[in-house]
Asks: 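I am attaching a structure below and will ask some questions about it afterwards.
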Amino acid sequence: MTATAAAFKGNADIGRLLDDGPYTTMQKLVVFLAALSIVMDGFDGQLIGFAIPSMIKEWGITREAFVPAVAAGLIGMGIGSACAGLFADRFGRRMAVIASVFLFGAATCAIGLAPDVLTVAVLRFIAGLGIGGALPSSTTVTAEFTPARRRTLAVTATIVCVPLGGMLAGLFAVQVLPAFGWRALFFIGGTFPMALAVLLFFTLPESPRFLARHQARWGELGGLLARMGRPMGRDVSYVDAAEQAVEKRAGFGALFSNGLARDTLATWAAFFMCLTAVYTAFSWLPTMLASEGLSMSVAGSGLTAYNLGGVIGALACAVAISRFGSRWPLVLCCAGAAASAFALQALNVGKETSLLIFGFGVHGMFVNAVQSTMYALCAFMYPTSVRATGTASALAFGRLGAILSAFAGAAVITAGGAMAYLALLGSAMFLAMVALLVVRRHIPGRDALLRRDRDQGFTGVLPPQNISQERSS
């Protein structure tokens, strides 16, 4: 269906219109805006990691004094993630994204005025609510504006924007911290997402699937579909058969029935350990390097390299999974993450700086490759009736690992310095590897899918759409 085609009337399945239709420039622009929101999410979310060494020096306090501030932000992220879906279902995906971005931008700006650690902790909690809400809201927008054939790559690319934002935060911090100090880092860093929120208010449309649920807004939906190359008549009635089927889902207990218990527990463990490693780096890597005598700029470069490697690793792992399936790419990436962390223990932190920064880039490449693609594993592992519940529960359990990292990171740096810190990173990823080996339902590779389709007699031709439509004269 093109924008110049005749409009339709009758009953239209919005799911099929979106899933099987063209991928227009307008849709790509919406996905770009959603991805930009996640870039800002990763950007503001990691500013605290770059600022902590300067704040410790200015206020004359210990690393342990910042544990509540780091933990508060992570707790806020967990609550924000849990509440984002409820907010989006009530007020729309559009307002969920805009509100989340504006909230974490405003709270980040306010940190620049903080007189003490307690104020930082309160503001980080508020910022965490927005940071936690932005990721699920923006990925939902991406998924609901992208045809099914492009959806996996589009969602993965959106999630990859978290380490991309962190990488940009590192480059930004290297320039701002020495010249203007940590307060300017938060003032300027918070202004960016606030400006983006204003841009989103005027440019980001509501999700077609959300509009289809509200008959009073079907006129708005018709205009949106026309902009997406799917013109519809004024009297069209919209249904969403796929979503209605999903809503008839089983309860939480279904995650542990029909042979899913082992995979559910193993996936929870993998998320827990992987997010422990990720947020130990996000929150404490610059602080650890600074404690070893490195300059602020070099300490920040370690986390920048970690994020840059993460962007490369996540995309490469997604390609490998589509070709070979998920089991061995994920297991090998976990092994690479553990091995690289333990290998870094052999370096002289003070003298082999360049090699150290490169090593953290390699470690980040492997860790983020695992973290970013485990969402796809959950989507494959669970049937439609419990897919959203299964993925959300794994992420929620993983957030506990992120909160643990707030305490564990400071403790191991104080107790054993760089050696203990690297041991924590390596051990966490080794345990994540063990958990992923336990999982039975891994994504099959391309060859396995082709064999399955051939055995089932699938010819590659989809059945006609189940939509009752007729051309208007």
Asks: How close do A277 and M429 get, counting heavy atoms only, and between which atoms?
Replies: CB-SD, 3.8 Å
Asks: Would you mind reporting whether L204 and V30 have side-chain heavy atoms less than 4.5 Å apart?
Replies: yes
Asks: Classify the angle between the aromatic ring planes of F87 and F91 as parallel (below 30°), tilted (30 to 60°) or perpendicular (above 60°).
Replies: tilted
Asks: Mind listing the closest non-hydrogen atom pair of A418 and M288 along with its distance?
Replies: CB-SD, 3.6 Å
Asks: If the threshold is 4.0 Å, N to carboxylate O, is there a salt bridge linking E144 and R93?
Replies: yes
Asks: How close do S37 and V97 get, counting heavy atoms only, and between which atoms?
Replies: OG-CG1, 3.6 Å
Asks: Give a yes or no on whether the backbone of G259 and the side-chain of R440 come within a donor-acceptor separation of less than 3.5 Å.
Replies: yes
Asks: In Å, rounded to the nearest 0.5 Å, how long is the span from CD of Q345 to CG of L425?
Replies: 9.5 Å
Asks: Side-chain contact, heavy-atom cut-off 4.5 Å: L255 with L260?
Replies: no
Asks: Counting only N and O atoms by type, is there a donor-acceptor contact under 3.5 Å from the side chain of T119 to the main-chain atoms of P115?
Replies: no
Asks: If I take atom CD1 from residue I188 and atom CD from residue Q175, how far apart are they, to the nearest 0.5 angstrom?
Replies: 11.5 Å
Asks: Are any of the side-chain heavy atoms of W328 and H442 separated by less than 4.5 Å?
Replies: no
Asks: Inspect the surroundings of CZ in F187 and state if more than 12 heavy atoms from other residues, nucleotides or ligands are less than 6.0 Å away.
Replies: yes
Asks: Donor-acceptor pair, S405 side chain versus A402 backbone, under 3.5 Å?
Replies: yes
Asks: Please tell me whether R63 and T287 have a donor and an acceptor in their side chains that are separated by less than 3.5 angstrom.
Replies: no
Asks: From E64 CD over to T414 OG1, what is the distance, rounded to the nearest 0.5 angstrom?
Replies: 3.5 Å
Asks: Taking the side chain as every heavy atom from C-beta outward, state whether M381 and V439 have any pair of such atoms under 4.5 Å apart.
Replies: yes
Asks: Between atom NE2 of H363 and atom CG of L422, what is the distance when rounded to the nearest 0.5 Å?
Replies: 8.0 Å
Asks: Carefully, step by step, assess M55 and I61 under the rule side chain to side chain contact (heavy atoms under 4.5 Å, CB included).
Replies: CA-CA 8 Å; M55 299 165 86; I61 56 179; over 6 Å; no
Asks: So, for N307 and G166, which heavy atoms are closest and what is the spacing to 0.1 Å?
Replies: ND2-C, 3.5 Å
Asks: After noting the C-alpha distance and the side-chain angles of I38 and T142, does the key distance pass the side chain to side chain contact (heavy atoms under 4.5 Å, CB included) rule?
Replies: CA-CA 11 Å; I38 300 304; T142 295; over 6 Å; no
Asks: With sequence neighbours excluded, tell me which residues meet ring-ring contact (aromatic ring centres under 6.0 Å, His included) with W284.
Replies: none
Asks: Run the numbers on R124 and I111 for side chain to side chain contact (heavy atoms under 4.5 Å, CB included), then give the verdict.
Replies: CA-CA 8 Å; R124 278 294 294 175; I111 292 176; 3.7 Å; yes
Asks: Does atom CZ (F102) have a neighbourhood of more than 12 heavy atoms from anything else shown, all under 6.0 Å?
Replies: no
Asks: What about the rings of F43 and F172, do their centers lie closer together than 6.0 Å?
Replies: yes
Asks: Are V298 and S295 side-chain neighbours, meaning at least one heavy-atom pair lies under 4.5 Å?
Replies: yes
Asks: Is a side-chain donor or acceptor of E58 paired with a backbone partner of S54 at a separation under 3.5 angstrom?
Replies: no
Asks: Find the distance between CE (M194) and CG (L103) and round it off to the nearest 0.5 Å.
Replies: 10.5 Å
Asks: Would you say the side chain of C274 lies within less than 4.5 Å of the side chain of M374, judging by non-hydrogen atoms?
Replies: yes
Asks: Output yes when a side-chain donor or acceptor of S81 lies under 3.5 Å from a complementary backbone atom of G132, and no otherwise.
Replies: yes
Asks: Looking only at atom types and distance, does a side-chain atom of T139 sit under 3.5 Å from a main-chain N or O of P136, one as donor and one as acceptor?
Replies: yes
Asks: Would you compute the distance between atom CG of L285 and atom CD1 of I52 and round it to the nearest 0.5 angstrom?
Replies: 11.5 Å
Asks: Keeping R183 on the side-chain end and A114 on the backbone end, is there a donor-acceptor pair under 3.5 Å?
Replies: yes
Asks: Would you check if T276 and L431 make a side-chain contact, meaning some heavy-atom pair closer than 4.5 Å?
Replies: no
Asks: Testing the basics here: between V162 and L135, what is the closest heavy-atom pair and its distance to 0.1 Å?
Replies: CG2-CD1, 4.3 Å
Asks: Indicate yes or no for a side-chain donor-acceptor contact from E206 to the backbone of R94 under 3.5 Å, with no hydrogens or angles considered.
Replies: yes
Asks: What are the two closest non-hydrogen atoms of V70 and S283, and how far apart are they?
Replies: CG1-OG, 3.5 Å
Asks: Measuring only between side-chain heavy atoms, which start at C-beta, is L289 closer than 4.5 Å to L356?
Replies: yes
Asks: Measure the acute angle between the ring planes of W182 and W59, then classify it against the limits of 30° and 60° as parallel, tilted or perpendicular.
Replies: perpendicular
Asks: Does CZ in F201 sit with more than 12 non-hydrogen atoms of other residues, nucleotides or ligands closer than 6.0 Å?
Replies: no
Asks: Give a yes or no on whether the backbone of I443 and the side-chain of S326 come within a donor-acceptor separation of less than 3.5 Å.
Replies: yes
Asks: I'd like to know whether NZ of K28 has more than 12 heavy-atom contacts from other residues, nucleotides or ligands below 6.0 angstrom.
Replies: yes
Asks: Is there a side chain to side chain contact (heavy atoms under 4.5 Å, CB included) between L196 and L36? Walk through the geometry before answering.
Replies: CA-CA 8 Å; L196 176 61; L36 196 56; 3.6 Å; yes
Asks: Under 6.0 Å between ring centres, would you say that holds for F360 and Y306?
Replies: no
Asks: With distance as the sole test, does Y421 use its side chain to make a donor-acceptor pair with the main-chain N or O of A410 at under 3.5 Å?
Replies: no
